[in-house]
K.L.:
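After the structure tokens below, expect a handful of questions from me.
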Amino acid sequence: MGNNKLNQSIVPRLQNHSIVFVGMMGCGKSAIGRLVSQALELPYHDADEEIVAAAGMSIPDIFEQFGEEYFRKGENRVVSRLLTDGPAVLSLGGGAFINDETRQLIKENGISVWLKADLDLLMSRVLRRPNSRPLLKDANPRARMEELLETRTPIYSLADIHVESSRNSKNDTANAVMRSLKKWLDQHAEQLASRVEQ
Ligand code: S3P
């Protein structure tokens, strides 16, 4: 990590676009996002943390008291605000990229990175904090996760860059993201400024 040559081949070409981590709960968006932001010396923002700070309450409490739709509206507002302030590294909650409007904003203002992980890896990670994900508050959290994974995978696959979330080291995954970013920018940096709905 912290390879200066690699950083120089990424950061100037981002212009004001942010690197946006998307993917299922437990895929490692926050941990990898932090590492990539440190390596690239860019600011880091976690959308879930910003929502919690703005609402003054936890995500399970927001879902319980106001419902998912209310949470999604707040999430869309927070992500739009964070995207106006690039370049930065952003980690989004698992559902943010599923919203058409949010996904379009990301396309115009960011480069999306999907961290892919299989069901077993996701479950082993989310079970470390079983009460923090209201969508998994279910008699069978594994079946719920599987259902979400199945319906969301085609949408996550619209992301610009796909990287496997490694079972081993976070640094390995962060390095794989940086290599993929460089490769993606080699091919797309020039079109970045004009990416709008086609
Ligand atoms: C959600 C994922 C959570 C959080 C909320 C909803 C989702 O974030 O935003 O519980 O819809 O997948 P993480 O992906 O960081 O767990």
Side-chain angles (χ1 to χ4, degrees), residues 18-37 43-83 88-106 110 112-159 161-167 170 173-174 177:
S18 289
I19 299 160
V20 184
F21 282 90
V22 305
M24 287 294 285
M25 298 171 262
C27 71
K29 298 173 298 262
S30 303
I32 306 305
R34 272 203 182 87
L35 284 176
V36 169
S37 79
Y44 173 75
H45 304 285
D46 183 307
D48 280 347
E49 281 174 13
E50 302 269 340
I51 295 165
V52 168
M57 60 205 293
S58 70
I59 291 177
D61 284 347
I62 300 174
F63 269 70
E64 199 173 307
Q65 291 189 33
F66 301 107
E68 181 171 354
E69 204 183 317
Y70 177 90
F71 172 80
R72 295 298 173 201
K73 284 189 184 141
E75 179 172 56
N76 181 266
R77 274 198 304 276
V78 164
V79 176
S80 322
R81 172 172 59 76
L82 294 175
L83 282 167
V89 177
L90 314 182
S91 299
L92 308 190
F97 197 65
I98 307 307
N99 179 290
D100 293 339
E101 202 185 313
T102 308
R103 202 169 55 253
Q104 182 56 30
L105 281 173
I106 296 168
S112 45
V113 181
W114 174 29
L115 280 186
K116 295 173 73 168
D118 61 34
L119 184 62
D120 286 340
L121 183 58
L122 295 172
M123 286 313 291
S124 72
R125 297 229 182 103
V126 298
L127 288 174
R128 289 179 203 155
R129 284 187 297 129
N131 298 321
S132 66
R133 267 97 175 189
L135 291 183
L136 300 179
K137 211 173 156 193
D138 192 280
N140 188 344
R142 188 183 169 91
R144 179 77 180 115
M145 179 75 106
E146 189 169 22
E147 186 191 318
L148 284 168
L149 182 61
E150 227 168 78
T151 52
R152 289 178 173 183
T153 290
I155 304 177
Y156 290 139
S157 70
L158 299 170
I161 294 171
H162 302 181
V163 174
E164 286 292 333
S165 183
S166 163
R167 282 191 149 66
K170 290 177 188 155
T173 308
V177 168

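One-based numbering, in listed order, for ligands and for the atoms of each. Each residue takes its place number in the sequence, starting with 1. Keep in mind the model is a prediction, meaning the values are calculated, not measured.
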K.L.:
Hey, what do you get for CG (L35) to OG1 (T173), rounding to the nearest 0.5 Å?
P.N.:
9.0 Å
K.L.:
Protein residues near ligand 1, heavy-atom distance below 4.0 Å?
P.N.:
M25, K29, D48, I59, F71, R72, G93, G94, G95, R133, P134, L135, R152
K.L.:
Would you say S91 and Y44 are linked by a side-chain donor-acceptor pair, where the criterion is simply a distance under 3.5 Å?
P.N.:
yes
K.L.:
Is there a side-chain contact between P134 and I59 in this structure, where contact means two heavy atoms from C-beta onward sitting under 4.5 Å apart?
P.N.:
yes
K.L.:
Salt bridge or not between R142 and E146? Use side-chain N to carboxylate O under 4.0 Å.
P.N.:
no
K.L.:
I'd like to check K29 versus I32 (side-chain heavy atoms, cut-off strictly below 4.5 Å). Are they in contact?
P.N.:
no
K.L.:
Quick check: does any side chain N or O of S165 sit under 3.5 Å from a backbone N or O of C27, one acting as donor and the other as acceptor?
P.N.:
yes
